[in-house]
Amino acid sequence: MRYDLVIFDNDGVLVDSEPISNRLLAAYLTELGHPTTYEDSIRDYMGSAMHRVHDLVQERTGRLLPADFDDVFHGRVFAAFERELKPVTGVVDVLEKLSAGGTPYCVASSGSHERIRVGHRTTGLTRWFDDGRIFSSQDVGRGKPAPDLFLHAAERMGVAPGNCVVVEDSPLGVQAAVSAGMDVFGFTAMTPAARLAGATQLFSTMGELSDLLV
């Protein structure tokens, strides 16, 4: 394998959470008087940390979201995860191959540590990610599209950025990986290929990703 570390995004790459979370985010913002469609949420917030939601709403409306916005939103998301969340089709096969081949990997997500762990517990992915393989935007000052999170993950895993590949499904994540000096494989299952144009390679199924990684 030509990479010393594979860095996975979480939402939409490991767990099929983007449809759930963006549906609920659009509904909650609309409920609070900020009309938002599912498509709007995907376009504006997919792959980003929660501070981006606050920043964009304030920038566009001059109004602050409620102080308990994050807690209420995450409560709704976690409840929905328990009912609906599944691993992304084929990703377990990818993890099995990486593990069998001794290839280091980790997850670096815009989501909180709690969100990552709830998703992994619900989908059975916990066995693949111990605490030393989990990195969150909570660990750094700036989330994606800043490169900080990916650079932090590479440093903690002891691998130079140029020897890492990131697996991402959002334009913000692709931008962050490129800024970090890493190759990035863009997953087009939910995102049009044109929006991931900065990626090193594009793929549409996890079977294709396996071929790219070996």
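Values in this document were obtained by computation on a predicted structure and should not be read as measured data.
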**Message:** Taking the side chain as everything from C-beta on, heavy atoms only, tell me whether E82 gets closer than 4.5 Å to T122.
**Reply:**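 The answer is yes; the side chains approach within 4.5 Å.
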**Prompt:** Would you call S137 and M50 a side-chain contact if the rule is heavy atoms closer than 4.5 Å?
**Reply:**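 Side-chain contact under 4.5 Å: no.
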Heavy-atom closest pair, residues [X] and [Y]:
X    : Y    : result
P192 : M190 : CD-O, 3.9 Å
L24  : A80  : CD1-CB, 3.8 Å
A154 : M182 : CB-CE, 3.8 Å
L202 : A193 : CD1-CB, 3.7 Å
M206 : V94  : O-CG2, 3.6 Å
A108 : I7   : CB-CG2, 3.6 Å

**Message:** Taking the cut-offs as 6.0 angstrom to the six-membered ring centre and 45 degrees off its axis, would you call R156 and F135 a cation-pi pair?
**Reply:**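 No.
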Do you reckon [X] sits in the same ILVMFWY cluster as [Y], going by side-chain contacts under 4.5 Å, direct or chained?
X    : Y    : result
L95  : L209 : yes
V72  : F81  : yes
V174 : I42  : no
I116 : L85  : yes
F185 : L172 : no

**Request:** Using the test ring-ring contact (aromatic ring centres under 6.0 Å, His included), find all partners of Y38 that sit at least two apart in sequence or belong to another chain.
**Result:**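 ring-ring contact (aromatic ring centres under 6.0 Å, His included) list for Y38, sorted by chain: empty.
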**Prompt:** How far apart are the C-alpha atoms of V178 and F150, what are their side-chain angles, what is the distance that settles it, and do they pass the side chain to side chain contact (heavy atoms under 4.5 Å, CB included) test?
**Reply:** CA-CA 10 Å; V178 171; F150 291 141; over 6 Å; no
Would you find a donor on one side and an acceptor on the other, under 3.5 Å apart, between the side chain of [X] and the backbone of [Y]?
X    : Y    : value
Y3   : T103 : no
R63  : V57  : no
D130 : R133 : yes
T36  : T30  : no

**Request:** Report the relative orientation of the aromatic rings in F203 and F187; use parallel for angles under 30°, tilted for 30 to 60°, perpendicular for over 60°.
**Result:**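 Because their plane-to-plane angle is under 30°, the rings of F203 and F187 count as parallel.
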**Parallel, tilted or perpendicular, as decided by the 30° and 60° cut-offs, for the rings of F129 and F8** =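 Judged by the thresholds at 30° and 60°, the geometry between F8 and F129 is perpendicular.
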**Request:** Might you work through the side chain to side chain contact (heavy atoms under 4.5 Å, CB included) test for M157 and D4, ending with a clear yes or no?
**Result:** CA-CA 10 Å; M157 296 293 290; D4 296 331; over 6 Å; no
**Prompt:** How far apart are the C-alpha atoms of L125 and V92, what are their side-chain angles, what is the distance that settles it, and do they pass the side chain to side chain contact (heavy atoms under 4.5 Å, CB included) test?
**Reply:** CA-CA 8 Å; L125 294 183; V92 170; 3.9 Å; yes
**Prompt:** Only one of D169, D9, D11 forms a salt bridge (Lys or Arg N to Asp or Glu O under 4.0 Å) with K144, so which one is it?
**Reply:**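 Result: among D169, D9, D11, D9 is the only option passing the salt bridge (Lys or Arg N to Asp or Glu O under 4.0 Å) with K144.
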Just by distance, with hydrogens left out, do [X] and [Y] show a side-chain donor and acceptor under 3.5 Å apart?
X    : Y    : answer
E208 : S204 : yes
R115 : S21  : yes
H113 : D131 : no

**Message:** As an exercise, state the distance from CG of L64 to CD of Q58, rounded to the nearest 0.5 Å.
**Reply:**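 Here the interatomic distance stands at 4.5 Å.
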**Under-4.0 Å salt bridge between D55 and R52** =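 Salt bridge between D55 and R52, a charged N being under 4.0 Å from a carboxylate O: no.
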**Short N-O contact, E114 and R121, less than 4.0 angstrom** =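 Salt bridge: no.
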**Prompt:** With sequence neighbours excluded, what pairs up with T191 under the side chain to side chain contact (heavy atoms under 4.5 Å, CB included) test?
**Reply:**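 T191 satisfies side chain to side chain contact (heavy atoms under 4.5 Å, CB included) with M46, P171, R195, L196 only.
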**Partners meeting side chain to side chain contact (heavy atoms under 4.5 Å, CB included) with A160 (sequence neighbours left out)** =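 In terms of side chain to side chain contact (heavy atoms under 4.5 Å, CB included), with neighbours along the sequence ignored, A160 is linked to N163.
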**Check against side chain to side chain contact (heavy atoms under 4.5 Å, CB included), R60 and D44** = CA-CA 12 Å; R60 291 169 175 175; D44 293 339; 3.0 Å; yes
